[in-house]
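Quick notes on the structure that follows.
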Amino acid sequence: MSTPDRTLDPALDPGSPVPADGATPAPRGRRILAHAALEARTLLTNGEQLMVALALPAMVLVGLRLLPVGRIDGAAPIDTAIAATLATALVSTAFTSQAIQTGFDRRNGVLRWVATTPLGRDGYLAGKILATLLVHVLQVLVLGTVALVMGWRPGIGGLLAAVPVWALGTIAFGALGLLLAGRLRTEGVLAASNLVFVLFVVAGIAVPVTRYPRFLGGIVDLLPSGALGELLRACLAHGPFSIGSVVVLLAWAVGGTAAVVRWFRWTDA
């Protein structure tokens with residue numbers, strides 16, 4: 001995966017908060033929303049990013065629906081398939097795409113430039129979070145529609161229960177993506193983010209923890225992907241609910257956020 005270079009010219013950036021001709025900056029909320037719109041457009045207009053955000057999860061959905069992989073006893077195949085698919089979509093956007101795009105922004109000097117504008121570092125990160133959530137909504141609508149055509153009949157209770165899990169997973173994997181982008185050089189981010197993405201999908205998302213030998217299952221159980229997969233299966237496929245999975249995912253979200261605050265580097269220097 002790759003991402004196009006983004007210009008540093010404020011005049012070409014519709015989300016730019018830099019005032020022209022002595023004008024005062026737009027209100028903070030408006031600046032963040034404009035930047036979120038820019039980030040979302042960057043994700044959705046890049047063919048490779050769009051493939052990872054929608055096409056790849058859709059292929060996962062079809063594959064898991066047709067193949068006897070990742071199923072749990074007593075659950076319809078489409079239910080376990082959509083749970084794994086939505087988890088894959090979350091990780092692809094919050095972790096992989098976020099890491100790659102931010103890594104390129106850091107290499108191209110965008111992060112250094114943003115720090116000197118009224119948007120600031122906090123506004124930049126807030127815009128990224130909002131953009132990620134917007135892409136997530138699109139993913140749920142598209143993939144949910146495909147699943148409905150394939151026979152998925154979700155319950156309202158399960159959908160509502162999945163919302164906080166989705167939010168917590170977005171924080172956890174988004175923080176890990178930013179941490180990766182803020183510590184490695186761009187080439188390293190490209191390699192590591194794609195490799196770790198595949199690891200996450202296999203470890204607990206497509207393949208439940210219970211399908212692993214006890215030793216490996218204990219390791220997968222401690223990964224954010226294992227926790228996310230188990231919780232979404234509990235919400236959407238009537239799988240067993242584990243408070244331990246909540247604790248694990250929460251720990252990754254809190255620990256990852258703290259690590260970003262402490263170790264994220266805004267420049268390559």
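Side chains are part of it too, since the values below use all heavy atoms of this structure and drop only hydrogens, waters and symmetry mates. Residue numbers run from 1 in the order of the sequence given. Computed from a prediction, not measured in an experiment: that's the story for all the values here.
For the ring pair (Phe, Tyr, Trp, His ring centres under 6.0 Å) condition, no pair includes a residue of residues 139-165, sequence neighbours left out. Residues in residues 76-85 take part in no salt bridge (charged side-chain N to carboxylate O under 4.0 Å, His left out) pair, two or more places apart or across chains. The salt bridge (charged side-chain N to carboxylate O under 4.0 Å, His left out) pairs that include a residue from residues 228-237 are E230-R233, where partners are two or more places apart or lie in different chains. For residues 187-211, the pairs satisfying salt bridge (charged side-chain N to carboxylate O under 4.0 Å, His left out) are R107-E187, with sequence neighbours left out. Residue pairs meeting the ring pair (Phe, Tyr, Trp, His ring centres under 6.0 Å) criterion with at least one member in residues 157-182, sequence neighbours excluded, are H136-W166, F173-F200.
The line from CD of Q98 to OG1 of T132 is 4.0 Å long, rounded to the nearest 0.5 Å. Atom CG of residue L222 and atom OG of residue S245 lie 9.5 Å apart, to the nearest 0.5 angstrom. Taking CG of L130 as the start and CD of E39 as the end, the distance is 10.5 Å to the nearest 0.5 Å. One finds the SG atom of C235 at 9.5 Å from the CG atom of L159 (value rounded to the nearest 0.5 Å). Taking CZ of F95 as the reference point, atom CG of N194 lies at 9.0 Å (rounded to 0.5 Å).
V135 and I171 fall into different hydrophobic clusters, where Ile, Leu, Val, Met, Phe, Trp and Tyr residues are linked whenever their side-chain heavy atoms come under 4.5 Å apart, directly or through other members. Tracing side-chain contacts under 4.5 Å through hydrophobic residues (I, L, V, M, F, W, Y), one never reaches L160 starting from L231; they form parts of separate clusters. Clustering ILVMFWY residues whenever any of their side-chain heavy atoms sit less than 4.5 angstrom apart, transitively, puts V165 in the very cluster that holds V248. A chain of hydrophobic side-chain contacts below 4.5 Å, direct or via other Ile, Leu, Val, Met, Phe, Trp or Tyr residues, connects I219 to V207. Using a 4.5 Å cut-off between side-chain heavy atoms of Ile, Leu, Val, Met, Phe, Trp and Tyr, with links allowed through other members, L148 and L143 fall into the same hydrophobic cluster.
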>> One pair to check against side-chain contact (heavy atoms from CB on, under 4.5 Å): L168 and W252. What are the steps and the verdict?
In response: CA-CA 9 Å; L168 190 59; W252 279 98; over 6 Å; no
> Is there a side-chain contact (heavy atoms from CB on, under 4.5 Å) between F104 and L190 once you walk through the steps?
Replying inline: CA-CA 9 Å; F104 272 88; L190 280 169; 4.2 Å; yes
>> Is there a side-chain contact (heavy atoms from CB on, under 4.5 Å) between L38 and R41? Walk through the geometry before answering.
In response: CA-CA 5 Å; L38 172 65; R41 281 198 301 273; 4.2 Å; yes
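The two residues L180 and A99 come nearest to each other via the heavy atoms CD2-CB, 4.3 Å. For the pair A175 and G256, the tightest heavy-atom approach, listed with the atom from each and the gap, is CB-C, 3.5 Å. Contact detail for P224 and L249: the closest heavy-atom pair is O-CD1, 3.8 Å. Shown here for G217 and V209, the closest heavy-atom pair between the two residues is O-CG1, 3.4 Å. A203 and S225 get closest at one heavy-atom pair: O-OG, 2.6 Å. Minimum interatomic distance between S92 and A53 (heavy atoms only, all atoms of both residues): OG-CA, 3.9 Å.
Within the 4.5 Å cutoff, the side chain of L228 has heavy atoms near those of the L90 side chain. Residues L64 and P77 fail the side-chain proximity criterion, which asks for heavy atoms closer than 4.5 Å. Taking 4.5 Å as the limit, some side-chain heavy atom of Y124 sits within range of a side-chain heavy atom of D105. Contact annotation: the side chain of F264 approaches that of L111 to within less than 4.5 Å [non-hydrogen atoms, C-beta and beyond]. Residues V196 and T96 fail the side-chain proximity criterion, which asks for heavy atoms closer than 4.5 Å. Counting only heavy atoms from C-beta outward, the side chains of Q101 and K128 approach each other to under 4.5 Å. Counting only heavy atoms from C-beta outward, the side chains of L178 and L125 approach each other to under 4.5 Å. Between P154 and L236, the closest side-chain pair of non-hydrogen atoms is not below 4.5 Å.
Listed by chain and number, the residues in a side-chain contact (heavy atoms from CB on, under 4.5 Å) with M150 are L61, V62, R65, I78, V146 (sequence neighbours excluded). Evaluation of the side chain to side chain donor-acceptor pair (under 3.5 Å) rule for T80 yields no partner, not counting sequence neighbours. Partners of L179 according to the side-chain contact (heavy atoms from CB on, under 4.5 Å) rule, which considers only residues two or more places apart in sequence or in another chain, are R183, A259, V260, W263. For A234, the side-chain contact (heavy atoms from CB on, under 4.5 Å) partners are F241, not counting sequence neighbours. With sequence neighbours excluded, the residues that form a side chain to side chain donor-acceptor pair (under 3.5 Å) with T93 are Q139. Applying the side-chain contact (heavy atoms from CB on, under 4.5 Å) rule to V142 yields the partners L54, L138; only residues at least two apart in sequence or on another chain are considered. Contacts of S193 classified as side chain to side chain donor-acceptor pair (under 3.5 Å), with partners at least two apart in sequence or in another chain: none.
Within a 6.0 Å radius of CD1 in I156, no more than 12 heavy atoms belonging to other residues, nucleotides or ligands are found.
Side-chain atoms of R71 come within 3.5 Å of backbone atoms of L67 as a donor-acceptor pair (strictly under, hydrogens ignored).
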